[in-house]
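Data first, discussion second: the structure below is written as structure tokens.
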Amino acid sequence: MSGFSARTGFSRTWNALSQALAGRQARGLPWVDLTESNPTRVGLPALDPGLLATPGAFTYEPDPLGLRSAREAVGAHLALRGATVHAGHVLLSASTSEAYAWLFKLLCEPGDNVLVPAPSYPLFEHLARLEGVEVRPYRLPRAHGFGLDVGAVAAARDARSRAVLVVNPGNPTGHYLHEGELSALSDLCAATGLALLSDEVFSDYAWEPGPDRVPTVAGRALPMLTFSLSGLSKVAGLPGLKLGWTHVGGPAEARDEALARLEWVADTFLSVGTPVQQALPALLAHVPRFQEALRERVKENRRQLVAARPRGAPWDVVPAQGGWSAVLRIPLEPGEEATCLALLDAGVGVQPGYFYDFTGGAFLVLSLLPPPEVFAAALGPLVSVLAAQSA
Ligand SMILES: Cc1ncc(COP(=O)(O)O)c(C=O)c1O
């Protein structure tokens, strides 16, 4: 259609799954939603809304990089994760998604590309495309537990690659970046001029402690321009408050130039509201209680899932170390979509692996967020359908 940019020509056709779900809902049939990713809808500890009624809530004091008090609160939050950072190297945005858009503007000319992990959360392709930027996927090998293979990053790179994006831990694959992987990636970035975008939104959600994991790249003396992204959406389970942060690191000259340019970009939008910035220290104080409850929830649901798998079943729970999801490897036949449709018929909604660009097998993605009794109610139908599908 003429008159519109190609960048906004996204497909709006319904897939078979969304059609089947709409049909089920139209008939008033119940279902257990194992695609639920909204942390405010699953009965986790809630906050007093009065926290947002800060004395200066209606005072307008625009500061493009964010209020100093809020940036210091982010610095203190990162310090608890072992990173010594300068609050002046932190900038606020309305979300991590917005920070990506700003970073793509900062680093890429239209037609340049960024290297993104696959499988992974599908947002990056959309965000890049809206900035006129392309994505080049690098595969996370299943044989390596969906961990980073720097050889795959190098192979995906071309002359127009400007940055490599790492999701730590992967969503939905739940693999943490390890020290050895970061070191190899740093060498590649230093040799090729790639910047590193490290998405750390799930970093606090490790299920068990483990050696050599990188909780954040903030505060590390790395040879390349480095951006560590996170925000209230996942850290505090408050996506509706619209506050994300980015720590900028790397060689001093490049870092300062990046911050000066980002200040200009942020000044064009001034998108973060005042009340949430003023309330940030109090909101972050709630984080340990919320995260503890969420981790217990996710671990309990995963334990139930693993326990429900009959011995010798033709499907597996893919090993992972953290995050909010579980990945199941299922038989290639009848495959992802047919299995999702059969599960929906049995009243259980899950996502097919292709939503996340899984290849080399058939996969399902389940949210581990629902209350345990809700999650447990889905396990009987799940096990029966998977058994019937492969019979
Ligand atoms: C890996 C990852 N990064 C970023 C985001 C976006 O977070 P925000 O709400 O801060 O834009 C998500 C949301 O699910 C995500 O899974």
Side-chain angles (χ1 to χ4, degrees), residues 33-42 44 66 70 74 77 90-104 114-128 130-131 135 137-138 140 146-148 163-177 196-206 214-218 227-247 266 269 271-273 276-277 280 283-284 287 290-291 294 298 320-327 351 353 355-358 365-369:
D33 184 4
L34 295 192
T35 71
E36 179 61 89
S37 62
N38 182 340
T40 67
R41 278 200 303 229
V42 288
L44 288 165
V74 172
H77 169 83
V90 172
L91 80 131
L92 305 185
S93 55
S95 61
T96 316
S97 312
E98 184 178 58
Y100 276 117
W102 292 357
L103 294 174
F104 295 156
V114 291
L115 307 175
V116 302
S120 192
Y121 187 62
L123 175 80
F124 309 125
E125 189 178 341
H126 300 191
L127 288 168
L130 286 172
E131 300 302 323
V135 293
Y138 65 87
L140 301 173
F146 294 107
L148 185 89
V164 53
L165 205 154
V166 166
V167 184
N168 178 30
N171 176 19
T173 44
H175 177 99
Y176 274 84
L177 183 69
L196 172 64
L197 274 53
S198 174
D199 183 322
E200 298 167 356
V201 299
F202 289 110
S203 167
D204 289 342
Y205 297 101
V214 177
T216 172
V217 296
F227 303 90
S228 322
L229 289 80
S230 193
L232 286 184
S233 178
K234 304 293 186 289
V235 163
L238 296 168
L241 291 195
K242 307 310 296 175
L243 190 143
W245 53 82
T246 303
H247 174 271
F269 296 95
S271 50
V272 196
V276 69
Q277 294 189 63
L280 190 60
L283 296 168
L284 290 177
V287 159
F290 171 78
Q291 291 192 346
L294 190 143
V298 159
Q321 302 149 14
W324 295 6
S325 304
V327 178
Q351 289 179 315
F355 277 13
Y356 297 86
D357 199 10
F358 278 87
V365 178
L366 281 54
S367 168
L368 294 171
L369 287 188

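One-based numbering, in listed order, for ligands and for the atoms of each.
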Check whether any side-chain heavy atom of V42 lies under 4.5 Å from a side-chain heavy atom of L294, and answer yes or no.
-> no
Sequence-distant partners of H175, side chain to side chain contact (heavy atoms under 4.5 Å, CB included), two or more places apart | H178, E181, Q321
Residues which pass side-chain hydrogen bond (donor to acceptor under 3.5 Å, both in side chains) with Y176, listed by chain and number, not counting sequence neighbours = none
Contacts table for ligand 1: protein N or O within a distance under 3.5 Å of ligand N or O, distances only.
unit_1: ligand 1; atom_1: 3 (N); unit_2: D199; atom_2: OD2; d: 2.6
unit_1: ligand 1; atom_1: 9 (O); unit_2: S233; atom_2: OG; d: 2.8
unit_1: ligand 1; atom_1: 10 (O); unit_2: T96; atom_2: N; d: 2.8
unit_1: ligand 1; atom_1: 10 (O); unit_2: T96; atom_2: OG1; d: 2.7
unit_1: ligand 1; atom_1: 11 (O); unit_2: T96; atom_2: N; d: 3.4
unit_1: ligand 1; atom_1: 11 (O); unit_2: S97; atom_2: N; d: 3.0
unit_1: ligand 1; atom_1: 11 (O); unit_2: S97; atom_2: OG; d: 2.5
unit_1: ligand 1; atom_1: 14 (O); unit_2: Y121; atom_2: OH; d: 3.2
unit_1: ligand 1; atom_1: 14 (O); unit_2: K234; atom_2: NZ; d: 2.8
unit_1: ligand 1; atom_1: 16 (O); unit_2: N171; atom_2: ND2; d: 2.8

Centres of the F358 and F146 rings: under 6.0 Å?
-> yes
Anything under 3.5 Å between a donor and an acceptor, one on a side chain of residues 33-40, the other on a protein residue two or more places apart or in another chain? List them.
unit_1: D33; atom_1: OD1; unit_2: T35; atom_2: N; d: 2.8
unit_1: D33; atom_1: OD1; unit_2: T35; atom_2: OG1; d: 2.5
unit_1: D33; atom_1: OD1; unit_2: E36; atom_2: N; d: 3.3
unit_1: E36; atom_1: OE1; unit_2: R41; atom_2: NE; d: 3.1
unit_1: E36; atom_1: OE1; unit_2: R41; atom_2: NH2; d: 3.4
unit_1: E36; atom_1: OE2; unit_2: N38; atom_2: N; d: 2.9
unit_1: E36; atom_1: OE2; unit_2: R41; atom_2: NH2; d: 3.0
unit_1: N38; atom_1: OD1; unit_2: T40; atom_2: N; d: 2.8
unit_1: N38; atom_1: OD1; unit_2: T40; atom_2: OG1; d: 2.7

After noting the C-alpha distance and the side-chain angles of Y100 and E131, does the key distance pass the side chain to side chain donor-acceptor pair (under 3.5 Å) rule?
-> CA-CA 10 Å; Y100 276 117; E131 300 302 323; over 6 Å; no
